[in-house]
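Notes follow the structure.
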Number of protein chains: 2
Amino acid sequence: MPDNLASKITDSELEVMKLLWRAKDALPVTVIREQLQESKGWEPATIKTLIARLVSKGAVRQEKRNVFYYSPVITEKEYSSWATKDLIARIYNGKARDLIASLVSSDGLSQDDIAELRDMFKVEE
Amino acid sequence: MPDNLASKITDSELEVMKLLWRAKDALPVTVIREQLQESKGWEPATIKTLIARLVSKGAVRQEKRNVFYYSPVITEKEYSSWATKDLIARIYNGKARDLIASLVSSDGLSQDDIAELRDMFKVEE
DNA sequence: CATTGCAGACTACAATTGTCAACTGAAATT
DNA sequence: AATTTCAGTTGACAATTGTAGTCTGCAATG
């Protein structure tokens with residue numbers, strides 16, 4: 001995990017992180033609750049547990065106002081880049097190109113994707 | 001998970017799978033045990049548990065000879081391709097190209113990788 | 001100001017995961 | 001044939017994860 005993290009962000013917790021990443025500013029539980037109750041059908045208690053766990057593992061910071069406001073400590077980029085490298089280490093023996101080869105050969109990429117990637121690598125120095 | 005799987009292969013179990021994937025033929029516990037005891041420092045009991053769990057979740061098949069011989073049901077390619085798509089779904093909103101963009105922009109690729117990928121996409125129809 | 005609603009803290013509980021020990025019966029060894 | 005060695009099975013136990021209930025005190029609202 002990103003080394004600022006005590007331990008891994010779990011799947012459920014990740015849903016909370018996604019919401020916080022999308023938000024421009026820190027959010028109070030009220031807002032987080034509303035959205036996740038709606039989108040995930042979770043009970044308020046569940047949502048509060050997830051937030052508390054994220055705070056305790058250092059992925060989310062709380063800021064005292066009238067009520068706590070929560071915001072991500074690690075960025076989405078940091079996390080996704082870590083998760084990707086972790087996958088590469090665990091499954092592709094550390095070889096990033098093997099990951100991409102796998103995508104290409106297992107039709108994980110659309111024609112559009114491939115076109116775009118061709119461009120990407122053309123420009124790339 | 002690959003839909004032939006009852007549930008996800010865990011990290012420890014994956015070590016067993018890797019060994020089985022590397023092997024040409026089915027292996028008896030003796031051989032699996034020797035290697036993992038060596039490479040992972042696991043107790044025989046641990047290794048036997050992992051094998052049993054893999055069998056019960058359908059990732060490994062056992063073949064009765066004098067003693068059981070074990071071989072993978074899902075291939076390494078199937079698994080890694082599934083794991084990759086799963087990552088893309090969970091973290092990159094289903095967009096494979098975002099994964100690759102993340103790799104490129106977070107220096108997850110060496111110059112060599114990039115060169116090779118440029119070739120890959122040049123040839124690619 | 002009394003009432004209500006909910007944030008925050010604590011507790012709970014089943015399922016999964018990482019590790020491993022004990023037992024049992026068959027195969028190998030003496 | 002008696003002994004030893006494991007494979008295979010079952011059980012175990014702590015930590016993590018998914019999901020949620022309860023309680024307490026403050027803040028908004030009538």
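Convention: sequence-line order gives letters A, B, ...; per-chain numbering from 1.
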Nearest heavy-atom neighbours spanning Y92(A) and S81(B): OH-N, 4.2 Å
Nearest-angstrom distance from the residue atom CG of L50(B) to P of dT17(C): 11 Å
Separation of dA27(D) P from R65(A) CZ (nearest whole Å): 15 Å
Shortest side-chain distance from K57(A), nucleotide among dT19(D), dG18(C), dT17(D): dT17(D)
Value in whole Å for how far the C1' atom of dG8(D) lies from CD1 of I32(B): 13 Å
Sugar-phosphate only, base, or nothing, as touched by T46(A) at under 4.0 Å among non-hydrogen atoms: base
Contact summary for L19(A) and Q35(A), nearest pair of heavy atoms: CD1-CB, 3.7 Å
Upstream residue (5' side of DNA chain D) when S7(A) and E43(A) are each assigned their closest nucleotide: S7(A)
Annotated protein contacts, base or backbone, on nucleotides 2-16 of chain C with a non-hydrogen cut-off under 4.0 Å, one of B, S, - each: -----BB---B----
Distance test, side-chain N/O of S12(B) to OP1/OP2 of dG18(C), below 4.0 Å: yes
Taking every non-hydrogen atom, the tightest pair across I32(A) and V16(A): CG2-CG1, 4.5 Å
Atom-pair distance (CD1 on I47(A); P on dA20(D)), nearest Å: 9 Å
Option passing side-chain hydrogen bond (donor to acceptor under 3.5 Å, both in side chains) with E13(A) (candidates K8(A), K57(A), R53(A), K18(A)): K57(A)
For T84(A) against S102(B), the heavy-atom pair lying closest together: OG1-OG, 4.4 Å
Test log, rule salt bridge (Lys or Arg N to Asp or Glu O under 4.0 Å), inputs E63(A) and R61(A): CA-CA 7 Å; E63(A) 197 186 324; R61(A) 157 196 319 124; over 6 Å; no
Side-chain N,O (W42(B)) to OP1/OP2 (dG18(C)) below 4.0 Å: no
End axis versus end axis in the helix from dC1(C)-dG30(D) to dT30(C)-dA1(D), the angle rounded to 10°, five pairs used at each terminus: 0°
Nearest non-hydrogen partners of W21(A) and I74(A), listed with the distance: NE1-O, 2.9 Å
Expected output: side-chain E116(B) to main-chain D113(B) donor-acceptor under 3.5 Å: no
Atom-to-atom span, CD of E15(A) to P of dG18(D) - whole angstrom: 10 Å
Gap between atoms CG and P, on L27(B) and dG8(D) respectively (whole Å): 12 Å
Separation of atom NZ in K40(B) from atom P in dT19(C), rounded to whole Å: 9 Å
D86(A) (side chain) donor-acceptor with A83(A) (main chain) under 3.5 angstrom: no
Euclidean distance, atom CD of residue Q37(B) to atom C1' of dG18(C) [Å, nearest integer]: 17 Å
